[in-house]
Amino acid sequence: MHRTEHCGDDPRAQPSRLKWRMVWVPLLLGLPLTLAPEVAAAHITQGSMGGFGAGFEHPLTGPDHFLAMFAVGIWGAQMGGRAVWTLPVTFPLIMAAGGLLGMLGVSLPYVELGIALSIVALGSAIAFAWRPVEAIALVLIGIFAICHGYAHGVELPSAADPADYATGFVIATGLIHLLGVGVGLALGKPFDGRVARALGAVIAVGGVYFLAA
């Protein structure tokens, strides 16, 4: 008599399921990005659009900011381990501190250069599949996060509420990171990760464009 085994009872099927959940969960969480402007408009009154709405919209509509934040998620997924969540969590936290510096009018030179270089550096890290010690990666993205946060802070509309504005751009940044993590996990295995590395090269080229602009 032969016993019929079900896939659901086979412990070897569990790692495969977990792997696909790690790919699709971040992608599903990132879906709100496609509706971001509509969601913001639906839940924020016109009088406060200079606060949360402006902060939420800025990372989504600024291609330089979007590319850098998207790259952070992809790079974290490519590095694997704790970096999958430490990079995307660290970036918006330090970015908020940079935003505060901008709101307070603290002088910070070469911010635009730092933003363009962040795209080149993060895209290149993905393209070359660079996996440094986690602390080095965190310091690197921390420096870039200050530049991006500062740029958000100095662009704060005069009538805006700083707390609402900061909350908006931190939430939007987190969503972009989630999208990047999902894409990075999905593209990390096909063709030995060459698709993800090619995407990193495209991001780096975008950074070169902003450097030259």
Side-chain angles (χ1 to χ4, degrees), residues 26 30 33 58-102 106-155 169-170 172-188 191-213:
L33 283 173
H58 196 275
L60 302 175
T61 57
D64 50 351
H65 295 295
F66 185 94
L67 282 177
M69 297 165 191
F70 184 56
V72 168
I74 297 175
W75 192 30
Q78 187 184 58
M79 288 180 62
R82 284 164 34 102
V84 174
W85 63 268
T86 55
L87 267 64
V89 168
T90 300
F91 191 98
L93 291 177
I94 298 181
M95 189 183 72
L100 180 61
L101 293 177
V106 177
S107 178
L108 188 63
Y110 307 115
V111 169
E112 293 300 325
L113 177 62
I115 290 173
L117 286 176
S118 72
I119 303 171
V120 175
L122 292 168
S124 298
I126 297 167
F128 291 101
W130 184 40
R131 293 178 173 85
V133 176
E134 183 184 24
I136 294 177
L138 292 176
V139 169
L140 185 64
I141 67 166
I143 294 171
F144 295 148
I146 289 176
C147 293
H148 284 271
Y150 184 88
H152 287 299
V154 297
E155 293 172 359
F169 75 66
V170 167
T173 297
L175 290 175
I176 298 171
H177 286 333
L178 281 175
L179 181 62
V181 169
V183 170
L185 291 174
L187 299 181
F191 303 102
D192 295 325
R194 287 193 291 271
V195 178
R197 294 175 64 179
L199 180 57
V202 172
I203 293 172
V205 170
V208 173
Y209 168 80
F210 287 114
L211 276 174

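Please read these numbers as outputs of a predicted model, since none were measured by experiment.
- Closest non-hydrogen pair, Phe210 versus Asp64, comes out as CZ-N, 3.7 Å.
- Counting heavy atoms from C-beta outward, Val181 and Ile74 have side chains that stay 4.5 Å or more apart.
- Considering only heavy atoms from C-beta on, Leu138 comes within 4.5 Å of Thr86 through its side chain.
- Note: Leu140 CG to Ser118 OG = 9.0 Å, rounded to the nearest 0.5 Å.
- Scanning both residues, Pro132 and Ala137, for their nearest heavy atoms gives CG-CB, 4.1 Å.
- Within the 4.5 Å cutoff, the side chain of Leu117 has no heavy atoms near those of the Tyr110 side chain.
- For residues 127-146, the ring pair (Phe, Tyr, Trp, His ring centres under 6.0 Å) pairs, not counting sequence neighbours, are Trp75-Trp130.
- Here CG of Leu101 is found 10.5 Å from SG of Cys147. Values are rounded to the nearest 0.5 Å.
- Residues Phe91 and His148 are in side-chain contact: their nearest non-hydrogen atoms beyond the backbone lie under 4.5 Å apart.
- Proximity of Leu108 to Val154: side-chain heavy atoms (C-beta onward) are nowhere separated by under 4.5 Å.
- Between the side chain of His177 and the main chain of Met69, a donor-acceptor pair closer than 3.5 Å is present.
- For the atom pair CG (Leu67) and CG (Leu122), the distance works out to 10.0 Å, reported to the nearest 0.5 Å.
- Arg131 contributes a side-chain N or O that, together with a main-chain N or O of Gln78, makes up a donor-acceptor pair within less than 3.5 Å.
- Counting all heavy atoms, side chain and backbone alike, Leu60 lies closest to Ala172 at CG-CB, 4.4 Å.
- Contact record, Ala71 with Ile126: O-CD1, 3.5 Å, taken as the closest heavy-atom pair.
- Separation of atoms CE (Met79) and CG (Leu87) is listed at 6.0 Å; rounding is to 0.5 Å.
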Given Val72 and Thr173, is the side chain to side chain contact (heavy atoms under 4.5 Å, CB included) satisfied, shown in steps? CA-CA 10 Å; Val72 168; Thr173 297; over 6 Å; no
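- Note that the CG atom of Leu211 and the CD1 atom of Ile119 stand 8.0 Å from one another [nearest 0.5 Å].
- With a 4.5 Å cut-off on side-chain heavy atoms, Phe66 and Ile176 count as touching.
- In this structure, Ser124 contributes its side chain and Ala121 its backbone to no donor-acceptor pair below 3.5 Å.
- Minimum interatomic distance between Ala151 and His65 (heavy atoms only, all atoms of both residues): CB-CE1, 3.9 Å.
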